[in-house]
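Down below is the structure, laid out as structure tokens.
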Amino acid sequence: MLKQQLNFKLSQKLSPQQIQLMKLIQLPTQAFEQRIKEELEENPALEDGKEEKVDEYDDLGNENSEDDYDNETIETEIDVDEYLSDDEIPNYRLQANNYSPDDDDKQVPYAAGTSFTQHLKTQLSTFRFGDTEQEIAEFLVGSVDESGYIRRTVQDIVDDLAFTQNIYTDEETVEKVLNKVQKLDPAGVAARNLEECLLIQLRRKEPTKQVDLAIDIMERSFDHFSKKHYTKLLTRHDISEDELRDAIEVIEHLNPKPGGAYSGNTRMVEHVIPDFTIKIEDGELQLTLNGRNAPEMHISRDYNNMLKGYKESKEKTKAQKDAVMFIKQKLDAAKWFIEAIKQRQQTLMVTMSSIMNYQKEYFLSGDERNLRPMILKDIADEIEMDVSTVSRVANSKYVDTPYGTKLIKEFFSESMTNDQGEEVSTREIKKILEMSIEEENKRKPLTDEKLAKVLKDKGYPIARRTVAKYREQLDIPVARLRKEI
């Protein structure tokens with residue numbers, strides 16, 4: 001009984017090959033290509049290109065393990081030992097075959113050039129500093145974060161210079177050097193807060209009536225401006241609505257994160273490669289898999305011939321036997337990997353095809369209000385696969401549609417019931433909420449409570465707290481911060 005229970009428990013575990021297949025399914029196109037390259041480098045029995053007809057080798061591992069071996073050298077057609085020492089790595093190549101063209105997505109671009117910090121340090125040479133000031137300036141530049149700010153007080157910097165750099169100075173000296181550092185490009189860099197960042201940029205602009213007013217607002221009424229208390233701004237600065245509107249327009253064109261504008265930082269440029277493409281042809285949806293997910297691969301002819309030579313030899317040494325078992329392991333691994341790639345292709349296509357058909361109305365129209373409620377289990381049940389498999393496809397893959405490139409998991413959403421008793425997608429409700437906010441009077445933006453009433457009038461009875469949750473998920477600020485003049 002104990003043995004039966006143990007066997008039952010073991011049967012519930014995934015085999016190493018099943019785990020590897022799940023990992024392959026999860027990989028997006030670019031990572032999948034890298035995985036193939038690694039496999040080609042590790043297994044010389046695997047080659048890329050059109051598949052060639054090979055002899056079966058499965059029966060070669062069933063030789064009698066009790067065979068007698070002697071030390072005589074047996075001449076064979078192939079010198080196995082010499083071949084196994086060959087460390088030549090096959091050339092890596094992928095071919096698209098009956099899949100979508102991918103000629104435009106050959107490489108992933110990276111941001112080139114020096115780091116942001118080095119970019120700033122290089123500019124310091126344009127100023128005249130004493131030896132101590134130069135060290136302070138370099139320390140300040142090193143304290144600039146990726147957004148372009150120095151988020152520390154001058155006193156903290158003075159203390160840090162003394163403890164870490166053995167530089168003893170005072171706040172006045174640091175402020176003097178900081179004023180010069182704040183003249184570096186991009187404008188606004190090395191500011192200690194948003195107000196100072198915007199003021200630095202405004203003071204570099206050509207003086208005009210609008211710029212002067214914008215500076216005055218930043219200096220005297222930043223708190224009122226940030227909270228959009230426009231009535232108080234009109235009164236305090238004794239200006240008209242048109243004058244305020246012009247000044248606000250100047251401020252809105254400033255860069256609140258000057259560090260982010262520098263393209264020479266060392267982070268990788270985001271570059272999404274769609275795994276699928278959906279097109280509309282004659283009113284019907286057409287799904288294709290990116291050809292880079294369908295490489296043509298085959299088993300090495302040389303490795304197969306080695307086994308053939310071993311099979312045809314009349315006598316076999318122990319060394320040859322061991323070498324052939326190694327070759328067979330590599331061939332088995334290559335055969336499995338080729339089969340796993342085919343299974344991955346099939347799984348991707350079956351899963352995405354099911355999602356496309358489930359959301360057919362959306363893919364034909366592009367209107368998010370046509371997105372049906374859909375959870376992972378809906379697709380898993382339809383294609384008779386595990387929910388985790390559908391999740392692996394949805395979470396990491398992109399599809400190119402007539403309406404842009406979309407992350408597949410975005411098509412999944414829970415359902416709610418409208419006043420007609422029909423199930424509707426939460427994505428549909430979010431879209432209607434977004435449209436309601438776009439259409440609101442920006443002088444008097446709708447509060448969450450009023451938005452809940454608008455949605456209820458349109459047939460979607462949801463609570464105010466749910467409206468607030470959806471609004472936050474859409475990155476839409478509260479009514480007060482949406483106010484315009």
Side-chain angles (χ1 to χ4, degrees), residues 15-63 76-103 105-108 273 275 288-313 319-349:
S15 69
Q17 289 186 336
Q18 287 174 313
I19 294 172
Q20 289 299 315
L21 177 59
M22 290 298 101
K23 289 182 178 179
L24 281 179
I25 290 172
Q26 188 168 349
L27 294 176
T29 299
Q30 183 185 336
F32 175 64
E33 284 185 318
Q34 182 60 34
R35 175 68 180 84
I36 291 176
K37 185 174 182 179
E38 291 171 359
E39 190 71 19
L40 283 166
E41 291 173 346
E42 292 173 4
N43 189 353
L46 182 69
E47 294 182 352
D48 63 317
K50 291 185 178 181
E51 187 174 359
E52 300 177 23
K53 185 176 180 181
V54 295
D55 295 329
E56 293 298 325
Y57 57 84
D58 290 340
D59 59 329
L60 295 175
N62 299 322
E63 298 283 348
T76 60
E77 294 180 9
I78 301 175
D79 187 340
V80 177
D81 291 333
E82 182 181 348
Y83 180 84
L84 290 176
S85 67
D86 185 3
D87 60 358
E88 180 181 353
I89 298 175
N91 291 328
Y92 173 61
R93 181 171 58 88
L94 291 177
Q95 293 183 352
N97 181 21
N98 295 327
Y99 290 88
S100 62
D102 48 39
D103 292 338
D105 294 317
K106 293 301 180 186
Q107 295 181 349
V108 178
I273 299 175
D275 303 272
T288 52
L289 178 67
N290 188 319
R292 292 158 68 171
N293 289 284
E296 291 183 337
M297 311 196 74
H298 65 272
I299 292 170
S300 166
R301 179 189 291 266
D302 291 336
Y303 262 55
N304 190 73
N305 286 341
M306 292 165 119
L307 287 181
K308 185 178 179 182
Y310 172 79
K311 184 178 180 180
E312 292 174 352
S313 65
Q320 285 177 317
K321 176 79 171 182
D322 293 342
V324 165
M325 290 306 296
F326 170 80
I327 295 171
K328 188 178 184 302
Q329 288 175 358
K330 292 297 183 182
L331 287 170
D332 284 338
K335 186 177 181 181
W336 174 83
F337 192 73
I338 291 170
E339 182 60 31
I341 288 177
K342 292 178 181 178
Q343 288 187 41
R344 177 182 181 273
Q345 294 171 18
Q346 182 180 14
T347 302
L348 295 186
M349 285 298 289

Subject >> Which atom of Asp48 lies closest to which atom of His298, heavy atoms considered >> reply: O-CE1, 3.4 Å

Original post:
For the atom pair CH2 (Trp336) and CG (Leu21), what is the distance rounded to the nearest 0.5 Å?
Top reply: 6.0 Å

Original post:
Are side-chain heavy atoms of Gln26 and Met22 found at a separation under 4.5 Å?
Top reply: no

Subject >> Straight-line distance of Glu47 CD to Ile338 CD1, nearest 0.5 Å >> reply: 10.0 Å

Subject >> Test item: Asn43 and Phe337 side chains (from C-beta on) under 4.5 Å apart, heavy atoms >> reply: no

**OP:** Decide yes or no on side-chain contact (heavy atoms from CB on, under 4.5 Å) for Lys23 and Ile19, but give the supporting numbers first.
**Re:** CA-CA 6 Å; Lys23 289 182 178 179; Ile19 294 172; 3.9 Å; yes

Original post:
Is the backbone of Leu27 close enough, under 3.5 Å, to the side chain of Arg344 for a donor and an acceptor to pair up by distance?
Top reply: yes

**OP:** List the steps and the verdict of side-chain contact (heavy atoms from CB on, under 4.5 Å) for Ile341 and Ile36.
**Re:** CA-CA 9 Å; Ile341 288 177; Ile36 291 176; 4.3 Å; yes

**OP:** Determine the minimum heavy-atom distance between Ala334 and Ile299, stating which atoms define it.
**Re:** CB-CG1, 4.3 Å

**OP:** Using the side-chain contact (heavy atoms from CB on, under 4.5 Å) rule, take Gln343 and Leu24 through it: C-alpha gap first, then chi angles, then the decisive distance, then the call.
**Re:** CA-CA 10 Å; Gln343 288 187 41; Leu24 281 179; over 6 Å; no

Subject >> Arg35/Glu39 salt bridge by N-O under 4.0 Å criterion >> reply: yes

**OP:** For the pair Asp275 (side chain) and Pro28 (backbone), establish whether a donor and an acceptor sit closer than 3.5 Å, ignoring hydrogens and angles.
**Re:** no

Subject >> Heavy-atom closest contact (Leu348 atom, Ile25 atom, distance) >> reply: CD2-O, 4.1 Å

Original post:
Between Ala294 and Gln345, what is the shortest heavy-atom contact and its length?
Top reply: CA-NE2, 3.2 Å

**OP:** Drop me the distance from Lys328's NZ to Lys335's NZ, to the nearest 0.5 angstrom.
**Re:** 8.5 Å

**OP:** Flag the pair Asn290 / Ile273 as yes when at least one side-chain heavy-atom distance between them is below 4.5 Å, and no otherwise.
**Re:** yes

**OP:** Count the heavy atoms of every other residue, nucleotide or ligand shown that sit under 6.0 Å from CD of Gln346, and state whether that count exceeds 12.
**Re:** no

**OP:** Measure across Pro44 and Ser300 and return the closest heavy-atom pair with its distance rounded to 0.1 Å.
**Re:** O-CB, 3.7 Å

